[in-house]
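First the proteins, then the strands, lettered A, B, ... as listed; each starts at 1.
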Number of protein chains: 2
Amino acid sequence: MPGTTPSRGRTGRPPRTSRAQILEAAWRLIDRDGWQKLTMRRLAAEAGAAPTTLYHHVRDRDDLLTQLLDDYAARMPRPELPEEPRERVVAAATVMHDSLAAWPWIVEVLTAGDFIGDSALWFVEAIVQGAVECGCTPEQAVDLYRGLWYYTAGEILVRAGTARRRAERDADEGGVSVYDETVRRRIADSGLPHLSGLADRWPGLVTRETYPEGLRAFVDGLLSHARGGAA
Amino acid sequence: MPGTTPSRGRTGRPPRTSRAQILEAAWRLIDRDGWQKLTMRRLAAEAGAAPTTLYHHVRDRDDLLTQLLDDYAARMPRPELPEEPRERVVAAATVMHDSLAAWPWIVEVLTAGDFIGDSALWFVEAIVQGAVECGCTPEQAVDLYRGLWYYTAGEILVRAGTARRRAERDADEGGVSVYDETVRRRIADSGLPHLSGLADRWPGLVTRETYPEGLRAFVDGLLSHARGGAA
DNA sequence: ACCTGAACACCGTTCAAGT
DNA sequence: ACCTGAACACCGTTCAAGT
């Protein structure tokens with residue numbers, strides 16, 4: 001659906017390429033073809049401009065990705081968070097996770113490209129605040145945030161990779177997953193007692209959604225260590 | 001140092017390109033120029049062959065990366081692990097982390113490309129075994145492994161990205177880190193009370209090595225949840 | 001069998017030239 | 001100002017042809 005944001009005062013003149021139009025075309029392209037297909041040349045075609053025109057609005061490809069990131073961060077939901085500090089931490093991390101899981105490529109850009117968008121700093125604040133209210137020192141609160149971010153980013157990247165791989169390898173076939181069967185056999189043939197015993201159930205076990213449980217376990221562990229629970 | 005592994009029975013004949021020679025050249029290239037520079041064409045040049053020759057030994061670029069992965073996995077240290085099951089889990093995860101942190105690109109390939117190499121399955125086994133001996137069900141043990149892997153992969157990817165970014169942006173400058181100063185100011189100007197209060201210390205706080213502490217906290221949290229510690 | 005050059009269909013980016 | 005075509009220096013991969 002092009003032209004969702006109408007250009008005001010449209011005349012007969014050739015359309016000028018605006019920053020907003022470029023970002024709009026980029027989202028359209030990502031939606032339709034996946035973010036791997038977001039190249040400067042394809043984006044230019046989608047926006048109806050010459051490839052070189054883009055360089056009047058973005059410094060380079062990295063800058064484009066950063067702008068897309070900020071655009072997305074500005075759209076992220078900002079729900080009311082629970083008063084209770086531990087629940088506040090869990091809720092903030094969950095929002096962060098769910099927002100990013102919808103667009104795993106954002107995390108790839110985040111880790112490879114630039115810093116988190118300013119408008120997404122609020123949940124860092126929420127997590128640090130919750131941790132401090134739970135009795136953490138500022139250092140411990142930042143460590144807690146970092147741990148949760150590593151866990152969250154890793155979960156999204158690993159699961160997105162697995163999902164893509166399964167989809168690619170099973171694209172031709174119908175019915176049973178060739179990918180799952182390959183993995184099952186490798187586990188079964190590993191000669192490792194615990195793994196091979198679980199081989200038949202492995203594909204099911206590793207696709208279960210376990211982020212929320214892991215998050216709560218991690219938060220509890222980090223808070224109890226901060227309170228002196230560690231050796 | 002080319003030709004570390006001498007080709008047996010060298011004659012006057014033009015050297016045949018072997019799988020081992022290709023992998024050797026690939027490691028040399030990665031060591032020297034970074035893994036981003038590992039292209040088929042550059043690899044061919046490094047190996048002293050035509051680009052097209054590579055396709056006799058690898059199916060495509062993905063296959064090359066998978067072979068490099070297996071090559072690396074086969075070299076990973078396999079230390080004796082502690083008897084005590086909780087320490088066994090921690091030790092196995094630490095080996096996994098330290099091995100991969102030396103070559104963060106491996107994790108990128110792992111998440112984007114193919115499954116973990118067969119020869120690296122032993123520490124999955126070690127973690128699952130330790131968890132079971134701690135009283136976990138097989139499901140819980142696999143969940144625990146997955147959680148630790150997400151945390152580990154995320155830590156490596158995020159920190160490698162930050163380090164590379166800082167290095168790139170500070171390449172020209174000497175002395176004070178421009179990158180650190182940029183981040184400091186963004187935190188300070190965020191208007192978020194806890195974050196802006198920490199702005200001056202932020203660069204130091206987020207570069208600290210906290211993997212080991214986070215790991216122990218996560219393991220404790222997961223084990224205590226598995227024992228019914230959760231709500 | 002093993003290797004190759006030429007070719008195809010792409011990239012990101014620069015820059016002088018057009019309006 | 002804003003946009004462009006031509007060009008540069010790359011990619012991964014295929015394929016018919018050479019030895």
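- Salt-bridge check for B:R159 with B:E209: passed, with a basic side-chain N closer than 4.0 Å to an acidic carboxylate O.
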Requested in this report: Report the C-alpha distance between B:W27 and B:D71 in whole Å, list the side-chain angles of each, state the deciding distance to 0.1 Å, and finish with yes or no for side chain to side chain donor-acceptor pair (under 3.5 Å).
Outcome: CA-CA 10 Å; B:W27 285 114; B:D71 200 45; 2.8 Å; yes
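- Within 4.0 Å (heavy atoms only), B:R42 reaches sugar-phosphate atoms of the nucleic acid but no base atom.
- The side chain of B:R61 lies closest to D:dG12 when the candidates are D:dG12, C:dT4, D:dT4.
- Which of D:dT13, D:dC3, D:dG5 sits closest to the side chain of B:Y55 comes down to D:dT13.
- Map A:T53 and A:R41 each onto its nearest nucleotide of DNA chain D; the residue landing nearer the 5' end is A:T53.
- The residue B:T52 sits close to a base: some heavy atom pair falls under 4.0 Å.
- Phosphate proximity of D:dC3 to A:H57: present, with a side-chain N or O under 4.0 Å from OP1 or OP2.
- Applying the Watson-Crick and G-U wobble criteria (two distances, each under 3.5 Å), D:dA17 pairs with nothing in any strand.
- Partners of B:D33 under the side-chain hydrogen bond (donor to acceptor under 3.5 Å, both in side chains) rule, at least two apart in sequence or in another chain, are B:R42.
- Shown here, C:dA9 forms no base pair; nothing in the strands shown gives a Watson-Crick or G-U wobble contact with both key distances under 3.5 Å.
- Residue pairs that meet the side-chain hydrogen bond (donor to acceptor under 3.5 Å, both in side chains) test with at least one member in residues 43-58 of chain B, sequence neighbours left out, are B:R28-B:E46, B:R32-B:E46.
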